[in-house]
Each structure stands twice: as C-alpha cells, then as structure tokens.
Amino acid sequence: MSHSSSIIERIVIVGGGTAGWMAAAALAHAFSGSTKSVSLVESEAIGIIGVGEATIPEILKFNARLGIDEADFLRETKATFKLGIEFDGWRRDGERYFHPFGGFGLDMEGIAFHHFWLKACADGQAEPLETYSMAWQAAKRDRFAHPQGGPQSPLSNLGYAYHFDAALYAGFLRRFAEGLGVVRHEGRVVEVQQAADGDVSGVKLENGRVIAGDFFIDCTGFVGLLIEKALKAGYEDWSAWLPCDSAVAVPCDRNGPLSPYTRSTAREAGWQWRIPLQHRVGNGYVYSSKYLSHQDAEDALLSRLEGAALAEPRPLRFATGRRRECWKRNCVAVGLSSGFLEPLESTSIHLIQSAITKLISLFPARTSDDGLRRQFNALMEEEFVTVRDFLILHYKLNERDGAFWDQVRAMPIPDRLIEKIALFQETGRIVRRDHDIFAESSWLAVAIGQGLVPKGRHPISDVLTPKENAGRLAAIRDSIRRTADALPQHADVVSATISRRRS
Ligand code: FAD
C-alpha cells in the first residue's frame with residue numbers, strides 16, 4: 001500500500017452514458033447510509049453513444065439488486081423481452097440458427113443433454129438441436145413467458161434478457177441515482193488534475209470549476225479521458241481477430257409482429273442487427289471499413305429497413321480491444337473506456353455491470369490498494385478474453401463467400417480457442433472457465449449452428465439404448481412444442497406488464 005493513500009470519501013464518476021449512470025446508481029445504492037458521496041460529471045454537448053439496446057440475462061440481476069420493478073423498467077425504457085439471438089446466414093446464406101437463453105432439452109444421467117442428442121444424431125434419429133430449445137420454440141412463434149415451474153417443466157429452462165432504449169435507460173437510472181443523492185455536474189472536462197504521486201485529484205470543467213475527489217470512475221467512453229489520456233493505462237488491440245471497426249445505426253418503424261429476440265444477419269462485410277422495441281426497431285450494420293465504404297454501408301442498411309427510418313443514420317467508429325489496466329492508481333474504467341468487443345453478442349452492457357459488481361465487492365478502504373487492484377484487473381481481463389473468444393468463434397467457422405468472410409475464416413485464432421474447438425470436435429465436451437459469462441448451451445448453440453459437429457460424445461450417453469434415447473428425446477420435444485403453442489404472444493405479455501402497477 002502506498003504511503004500517500006487516504007480514506008475514500010468522495011467518489012467522482014466522469015461520464016453519463018449507460019456506464020456512468022449504471023455506476024452511479026449501483027454505487028449510490030451500495031453506499032447508501034455511509035458517509036461516502038457519489039457525484040457525476042457529464043457534458044450534454046458531447047452526448048452519449050446510446051446505441052446499446054440488447055442485453056444478456058445477467059441484466060436481471062443488476063435491476064433486482066437495485067430493487068427496480070420490472071413493470072416500471074419496461075414502461076420507462078420502452079423495453080421488450082429477449083429470448084436469444086437468431087443468426088441468419090452466418091454459416092451460409094439461407095441457413096439460420098438460434099443462440100437461446102436457457103439450456104437445451106433436459107440433462108439426463110448426470111450429463112448434459114447434448115450428448116444424448118449427439119447419440120441420436122449418430123443413430124439417425126435426431127431432430128435439429130433448436131427443436132429442443134424452449135427459448136427458440138417460443139421465440140419463433142413470437143411468444144413469451146417468464147421462467148417458471150420445477151426442473152421438469154420446460155419453462156424452468158428458459159432464460160431471458162431485455163431490449164431497451166439506451167437513452168431512456170440512462171435517464172431512468174439518472175432519476176434513480178439522483179433519488180439516492182448522487183449530485184450531477186454539467187460541463188465539459190478540459191483537464192484531469194493529478195497529485196504529486198500521480199493519483200487523480202480532480203477534473204476541471206470548461207467554466208473553471210474543479211470537481212475534486214478521492215476515487216474516480218472513468219465512464220467517458222472511447223476517449224478514456226482519465227484512464228488513457230491522463231494515466232496511460234494502454235490498449236490491447238484485438239482487431240486482428242475482430243476486424244469490424246465501423247457501424248451505422250438507424251431506428252425505423254416496425255412492420256410485423258413484436259419478436260422476442262435479436263436478429264443478426266450476415267452481410268457482405270459484416271452483419272446487420274435488428275432489435276425490436278415497443279416504439280421502434282433498432283437497426284445497424286457493423287462492418288469492416290477495409291471491405292466496405294461508409295456510404296455503401298449506409299445505403300445497404302437503408303435499403304433493407306422494414307419500415308420508415310425515424311432518424312438520420314448515425315456513423316460510429318471503434319477499435320476492438322481492451323484497456324490493459326482497467327483499474328490504475330485511484331481510477332477505474334467502466335464501459336467503453338475499458339474496452340469494446342463489438343455488439344455481436346450484446347455483451348457491452350454486461351461488461352459494465354460486471355465491472356461495477358466486481359468493483360463494489362473489491363472496493364478499497366483507501367485510495368491505493370495494490371492487491372485489490374490487481375485482482376480486479378485480472379478478473380476483468382479474464383472476462384474480456386472469454387467474450388472475445390466466443391465472438392471469434394462465430395466468424396472463424398463461417399462458410400460464406402466474400403473477401404471479408406474469407407479473411408476471418410483464414411485468420412489465426414488464440415490458442416485457448418483452438419484447444420476449445422479441438423476438444424469439442426473430438427469429444428463433444430465444452431470446457432468453460434470460471435469467469436465465462438456464456439453457458440455451455442451458448443457455446444454449443446454457436447458451434448453446432450456454425451456447422452461444427454463433434455465426432456465423440458460422453459460415454460454415459462450409451463447407458464440408453466437407441467430406442468430409449470429416441471423415446472426420451474421425442475417426449476422432450478413434444479413437451480416443449482406443446483408448451484410453446486400454449487404461451488401468450490410476446491406483445492400481449494409486454495402490454496400486460498407495463499399496465500401493471502406496483503401493489
Ligand atoms: P458513452 O455513451 O460514450 O458515454 C460517455 C460519457 O462521457 C458521455 O456522457 C459524455 O458526455 C461523457 N464525456 C466524454 N468526454 C467528456 C468530457 N471531456 N467532459 C465531460 N463529459 C465527457 N452494448 C450492448 O450491451 N448491447 C448492444 O446491443 C450494443 N450495441 C452497440 C452497437 C454499437 C455500434 C456500438 C458502438 C456499441 C454498442 N454497445 C452495445 C455498447 C454500448 O453502446 C456501450 O457499452 C454503452 O453505451 C456504454 O457507453 P459508455 O457509457 O461507456 O460511453
């Protein structure tokens with residue numbers, strides 16, 4: 001511990017995008033009743049990125065920890081439910097698969113369901129994997145229900161997340177945080193002030209005012225005003241593996257049912273997202289500028305909208321990678337300032353949440369605690385790396401035509417991923433690391449969906465005869481299908497939820 005360390009009383013968050021207001025809400029909630037103060041500085045003139053609209057199921061825990069009511073949340077952020085992601089054309093044009101939230105089938109004899117599915121495939125008796133997914137069977141019917149029932153009920157094997165309007169979410173969290181005493185300062189930061197030992201001591205605004213603090217959270221987005229511009233934490237560039245570096249985003253009117261899933265459609269030099277909200281559909285084309293001009297990307301996106309565009313198309317540039325030290329001195333980077341892995345699996349907001357949760361659990365008593373800092377940085381690195389590898393898997397296994405797709409199919413990939421793919425291919429086993437946010441079923445869905453079918457499987461699957469196995473699989477499939485047919489429409493569940501008042 002450094003001699004100059006002092007007790008932390010004033011926490012200053014710089015930046016008021018999704019990261020800034022999530023951090024403000026969670027820290028104010030965690031420290032409510034203590035003497036610590038939380039303040040936030042943001043600049044309306046600079047604005048926020050605001051395109052993060054799709055999430056993964058972990059977001060439910062964040063809202064629950066803050067005591068946020070689901071009905072309030074849906075109403076205020078125009079949110080919808082999300083059961084997973086449909087990947088259209090990612091292996092080849094005309095083929096699609098689904099990455100569902102929640103598992104496949106039912107684990108049996110102490111091992112994962114997919115080994116029995118692989119056995120049925122070998123016996124020539126299996127239906128496509130997606131027919132054993134409750135989430136996909138509900139999603140393809142535009143139906144939804146909350147997870148419920150005991151382990152034998154297919155609905156207990158359902159996971160869900162949300163799609164929401166990012167600007168409305170930031171506003172919602174701002175009201176929540178201000179209600180807990182967070183003080184907001186408006187203004188552009190023009191200087192990051194550092195003490196003699198190098199710790200950040202304050203940020204100076206354009207109007208000359210200095211916001212002093214003991215501990216800083218850098219939520220300034222890609223620029224990394226504190227963590228990089230002042231503290232030079234360094235950036236590890238991962239664009240050799242994740243070469244998309246640009247996007248164009250535009251909302252449009254919805255034309256069709258309210259689907260409870262995100263769609264990702266492979267395109268010439270990247271992919272296009274479709275995210276249905278209550279009041280509009282979010283669309284974007286994520287692409288590599290090496291293979292496509294901005295104008296061509298914009299034209300392609302606009303020509304494929306399902307309804308009238310509701311705003312001017314918005315261009316975005318980014319470099320995939322991660323900050324080498326997310327926590328340096330008395331400053332922690334949260335959000336885009338800590339790295340960005342492109343939005344393919346909607347992980348960015350989760351990485352914000354995860355950084356905040358880790359920070360709260362490792363929060364130091366004094367400004368400089370190297371042990372906690374090292375632990376935090378190691379955990380964040382591990383998490384970024386597992387997300388990175390999961391994203392690379394989608395690109396690496398493609399069988400599409402075109403220069404962009406040839407490049408990502410041919411690229412060398414990290415050793416850890418090579419081993420993972422080889423083990424799966426040989427044995428059907430998916431080995432997850434402790435901090436892997438993706439379940440075994442997620443890796444399975446993408447690997448199988450991209451055409452990687454294992455040669456081997458768990459030997460316990462052979463305790464069932466082919467006939468017994470086929471019978472069990474048929475029963476599971478039927479139960480899922482019947483359950484899906486009986487579910488309410490997603491749009492009706494959204495309407496019923498937002499019209500519910502707190503009891
Ligand atoms: P920003 O939104 O950029 O906020 C930065 C804040 O810092 C702003 O308030 C700004 O005013 C302030 N600031 C900056 N400089 C200064 C200064 N000098 N003085 C004062 N204030 C300053 N994530 C998902 O989870 N799901 C998705 O579907 C998804 N889709 C995405 C699609 C694209 C194309 C991109 C680029 C990102 C996507 N993301 C997604 C990521 C998501 O948008 C971000 O994680 C999220 O918005 C958090 O951003 P942020 O708060 O870190 O930064």
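Order of appearance sets the numbers: ligands from 1, and atoms from 1 within every ligand.
For the pair R188 and ligand 1, the shortest N or O to N or O distance does not fall below 3.5 Å. At a 3.5 angstrom cut-off on N or O pairs, F222 does not count as close to ligand 1. On a distance-only criterion, G20 and ligand 1 share no N/O pair closer than 3.5 Å. For the pair G16 and ligand 1, the shortest N or O to N or O distance falls below 3.5 Å. Checking only distances, W273 never comes within under 3.5 Å of ligand 1, N or O to N or O. Ligand 1 has an N or O atom lying under 3.5 Å from an N or O atom of S43, backbone or side chain. In terms of polar-atom proximity, defined here as any N/O pair under 3.5 Å, I349 does make such a contact with ligand 1. Residue L336 places at least one N or O, backbone or side chain, under 3.5 Å from an N or O of ligand 1. Between V14 and ligand 1, a contact under 3.5 Å exists for no N or O pair.
Less than 4.0 angstrom separates some heavy atom of L225 from each of these atoms of ligand 1: 17 (C), 18 (N). Using a 4.0 Å cut-off to heavy atoms of E53, the atoms of ligand 1 that qualify are 26 (N), 27 (C), 28 (O). Of all atoms in ligand 1, listed by their number and element, those nearer than 4.0 Å to a heavy atom of L316 are 34 (C).
By the 6.0 Å contact criterion, NZ on K78 is open, its count of non-hydrogen atoms from other residues, nucleotides or ligands being 12 or less.
A cation-pi contact links R388 to W241, judged by a cut-off of 6.0 Å to the six-membered ring centre and 45° from its axis.
The closest side-chain donor-acceptor pair between Q407 and Y291 falls under 3.5 angstrom.
Within the 6.0 Å centre-distance limit, the rings of Y160 and F144 are counted as a close aromatic pair. Aromatic rings from W327 and F215 are positioned such that their centres are separated by under 6.0 Å. Residues F31 and H29 place their aromatic rings such that the two centres sit no closer than 6.0 Å.
Looking at F164, F340, Y169, W21, it is F340 that brings a heavy atom closest to atom 36 (C) of ligand 1. Considering only non-hydrogen atoms, atom 22 (C) of ligand 1 lies nearest to I46 out of I275, I46, V223, I48.
Considering every non-hydrogen atom in both S259 and H490, the closest pair reads C-ND1, 3.7 Å. Nearest heavy-atom pair across F384 and G321 is CE2-O, 4.3 Å.
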Practice task
Determine, stepwise, if the pair R304 / R267 fulfils side chain to side chain contact (heavy atoms under 4.5 Å, CB included).
Solution key: CA-CA 11 Å; R304 293 182 193 118; R267 298 289 184 209; 3.1 Å; yes
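Counting heavy atoms closer than 4.0 Å to ligand 1, residue S348 contributes atoms from both its backbone and its side chain. Within the 4.0 Å heavy-atom criterion, the part of I352 lying near ligand 1 is the side chain and not the backbone.
Closest to atom 3 (O) of ligand 1, if we only count protein heavy atoms, is I49 CG1, 3.3 Å. Protein heavy atom in closest approach to atom 19 (N) of ligand 1: V189 N, 2.8 Å. Atom 26 (N) of ligand 1 has A54 O, 2.7 Å as its closest protein atom, hydrogens excluded (heavy atom only). Scanning the protein for heavy atoms near atom 8 (C) of ligand 1, the closest one is G47 O, 3.2 Å.
Here the rule is side chain to side chain donor-acceptor pair (under 3.5 Å) with H394, and of H99, E345, R91 only E345 fits it.
Ligand 1 lies nowhere less than 4.0 angstrom from a heavy atom belonging to V286.
Taking a cutoff of 4.0 Å between a charged side-chain nitrogen and a carboxylate oxygen, R184 and E186 qualify as a salt bridge.
The CD1 atom of I430 lies 9.0 Å from the CH2 atom of W443; values are rounded to the nearest 0.5 Å.
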